[in-house]
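Below is one structure. I have some questions about it.
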Protein chains: 2
Amino acid sequence: MANQSAQLDGVFHALSDPTRRAVLQRLGKGAAPVSELAEPFEMALPSLIKHLKVLEDAGLVKSEKEGRVRTYELVPKKFATAERWLSDQRALWESRLDRLDTYLHALEAEEQTKAKRRS
Amino acid sequence: MANQSAQLDGVFHALSDPTRRAVLQRLGKGAAPVSELAEPFEMALPSLIKHLKVLEDAGLVKSEKEGRVRTYELVPKKFATAERWLSDQRALWESRLDRLDTYLHALEAEEQTKAKRRS
DNA sequence: GCGATAGGTAGCCACATGGCTAACCAATCG
DNA sequence: CGATTGGTTAGCCATGTGGCTACCTATCGC
């Protein structure tokens with residue numbers, strides 16, 4: 001778990017590009033060689049290969065070469081890094097809103113007490 | 001929901017920087033003015049303000065100015081955009097793995113049938 | 001061995017990003 | 001009013017990113 005933050009940088013950056021997200025989406029349906037991954041896009045091969053490198057550096061994807069074909073596949077575990085950060089974040093503000101809610105209810109209850117005293 | 005993809009670009013890009021994630025984390029505990037958000041960081045004010053702009057452009061955060069103080073607060077709804085993409089992704093490959101699992105079990109069952117036939 | 005196929009490298013370019021300083025508002029305070 | 005405080009704008013710089021073309025390498029099929 002060394003340098004969680006740097007990992008998040010890489011993962012989120014990798015996800016911030018539509019081409020790369022499309023590649024991931026494709027890989028969600030199963031492993032595929034470079035040529036197949038490249039097929040849906042207009043761009044030149046080297047451009048796509050750069051994207052694949054970004055994804056692999058981020059750890060979202062891994063590849064292996066057999067003969068002249070390199071096959072890529074998803075590393076689902078890595079997605080969890082991002083998901084965890086987001087859900088931790090949500091837990092943070094949700095708990096705050098809960099406390100706020102509790103506080104507001106407490107206030108309201110107090111108001112009612114006062115109202116009764118006044119009546 | 002116009003141009004989902006461009007939104008994801010912005011959100012994920014905004015999340016890909018440790019400073020910005022730290023700011024979000026801080027805002028998870030409640031709204032805060034610029035000066036308070038800037039306090040934990042070494043960097044010059046204008047640099048941090050750029051980060052705040054990125055966050056606001058991505059829609060993760062909103063701000064309002066009162067007097068000379070600008071207060072920022074979280075827009076939790078926006079996080080859902082990212083979370084949804086990730087969980088959709090996961091649903092995709094999980095269903096695939098399920099099918100694969102089913103397939104493997106089917107294969108195994110068939111093998112056993114054959115084995116019985118052979119015996 | 002030779003040509004076709006699959007991929008990879010190098011190097012270029014335009015533009016975006018993240019940092020800075022300096023100078024500039026615009027409220028407040030005394 | 002004048003100084004201070006809280007932000008903001010402008011503009012500079014180095015580096016990163018995403019695209020390209022051109023060329024190179026390695027395997028495969030015949």
Side-chain angles (χ1 to χ4, degrees), chain A residues 3 5-27 30-74 82, chain B residues 3 5-27 30-74 82:
Chain A
N3 215 346
S5 185
Q7 273 193 58
L8 284 169
D9 288 6
V11 170
F12 281 128
H13 171 243
L15 292 177
S16 76
D17 181 278
T19 301
R20 291 193 288 262
R21 284 197 307 277
V23 168
L24 291 173
Q25 212 144 18
R26 166 61 192 79
L27 288 177
V34 172
S35 50
E36 192 180 329
L37 292 174
E39 197 272 325
F41 304 100
E42 300 282 299
M43 81 184 60
L45 236 202
S47 309
L48 194 110
I49 288 183
K50 275 195 190 174
H51 286 301
L52 294 176
K53 278 207 172 95
V54 171
L55 287 171
E56 192 157 23
D57 288 352
L60 288 167
V61 121
K62 71 179 173 182
S63 72
E64 209 161 327
K65 196 163 182 174
E66 217 183 301
R68 51 186 172 168
V69 176
R70 180 177 293 275
T71 305
Y72 279 87
E73 67 177 302
L74 229 53
Chain B
N3 217 346
S5 184
Q7 274 193 59
L8 285 168
D9 288 6
V11 169
F12 281 128
H13 172 242
L15 293 176
S16 75
D17 181 278
T19 302
R20 291 194 287 262
R21 285 197 307 275
V23 167
L24 290 173
Q25 213 143 18
R26 167 60 192 78
L27 288 178
V34 172
S35 52
E36 192 180 330
L37 292 174
E39 197 272 326
F41 304 100
E42 301 281 300
M43 81 184 61
L45 234 205
S47 309
L48 193 110
I49 288 184
K50 275 194 190 176
H51 285 302
L52 294 177
K53 279 207 172 97
V54 172
L55 288 171
E56 192 158 23
D57 288 352
L60 289 166
V61 121
K62 69 179 175 183
S63 73
E64 210 161 327
K65 197 162 184 176
E66 216 182 301
R68 51 185 174 170
V69 176
R70 180 177 294 277
T71 304
Y72 279 87
E73 67 177 301
L74 228 53

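Numbers restart at 1 for each chain; the letters A, B, ... are given by sequence-line order, proteins then strands.
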By the 4.0 Å heavy-atom rule, please label B:S35 as base, sugar-phosphate, or nothing.
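Touches sugar-phosphate only.
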With rounding to the nearest 0.5 angstrom, report the CD to CZ distance, A:E64 to A:R70.
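One finds 9.0 Å between CD of A:E64 and CZ of A:R70.
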Of the nucleotides D:dC20, C:dG19, C:dG18, which has the atom closest to the A:S47 side chain?
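Looking only at side-chain atoms, A:S47 lies closest to D:dC20.
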Nucleotide C:dT17, atom P - distance to CG of A:D17 in whole Å
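Checked: the CG to P distance equals 12 Å.
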Atom CE of A:M43 to atom P of D:dC20: distance rounded to whole Å?
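The answer, rounded to whole Å, is 6 Å.
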Suppose we call a contact any N or O donor and acceptor under 3.5 Å apart; does that hold for the side chain of A:K50 and the base of D:dG19?
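Indeed, a donor on one side and an acceptor on the other fall under 3.5 Å apart.
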Length of the line joining B:L52:CG and D:dT8:C1', which is rounded to integer Å
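For the pair B:L52 CG and D:dT8 C1', the rounded distance is 12 Å.
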Can you identify which nucleotide, out of C:dG18, C:dT9, D:dT17, has its nearest atom closest to the A:H13 side chain?
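Looking only at heavy atoms from C-beta outward on A:H13, the closest nucleotide is D:dT17.
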Compare the minimum distances between each of C:dG7, D:dG7, C:dG18 and the side chain of B:V69, then state the nucleotide with the smallest one.
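So the side chain of B:V69 is nearest to D:dG7.
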Of A:A44 and A:R68, the one whose closest DNA chain D nucleotide lies more 5'
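Closest to the 5' end, via its nearest nucleotide, is A:A44.
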C:dG7 C1' sits how many Å from A:Y72 OH, rounded?
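The answer, rounded to whole Å, is 9 Å.
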Atom-to-atom span, CZ of B:R20 to P of C:dA16 - whole angstrom
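Interatomic distance, CZ of B:R20 to P of C:dA16: 15 Å.
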For C:dT9, does OP1 or OP2 lie under 4.0 Å from any side-chain N or O of A:K53?
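Checking A:K53 against C:dT9: at least one side-chain N or O falls below 4.0 Å of OP1 or OP2.
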Rounded off to whole Å, could you give me the CD-to-P distance for the A:E56 and C:dG7 pair?
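Nearest whole value for this atom pair: 14 Å.
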What are the two closest heavy atoms between A:R20 and A:A14, and how far apart are they?
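Heavy-atom minimum between the residues: NE-O, 2.8 Å.
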Return the value, rounded to whole Å, for the distance between atom CD1 of B:I49 and atom C1' of C:dC25.
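It works out to 13 Å between those atoms.
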Is A:H51 close to A:V23 at the side-chain level, that is, under 4.5 Å between some pair of heavy atoms?
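In short, these two side chains do not touch, never coming nearer than 4.5 Å.
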Of all the nucleotides listed (D:dG7, C:dG7, C:dG18), which has the minimum atom distance to the side chain of A:R70?
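Looking only at side-chain atoms, A:R70 lies closest to C:dG7.
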Roughly, in whole Å, what's the span from CG in B:D9 to P in C:dA16?
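So the CG-P distance, B:D9 to C:dA16, works out to 14 Å.
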Sole residue of B:L74, B:L55, B:L60 in side-chain contact (heavy atoms from CB on, under 4.5 Å) with B:L27:
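That would be B:L74.
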Roughly how far, to the nearest 0.5 Å, is the CZ atom of B:F12 from the CD atom of B:Q7?
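Nearest 0.5 Å value for the CD-CZ distance: 11.5 Å.
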Assign each of A:P46 and A:S16 to its nearest nucleotide of DNA chain D by heavy atoms, then name whichever residue's nucleotide is nearer the 5' end.
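The 5'-side residue here is A:S16.
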Starting the side chain at C-beta, find the nucleotide from C:dG18, D:dG7, C:dT9 nearest to B:P33.
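Nearest listed nucleotide: D:dG7.
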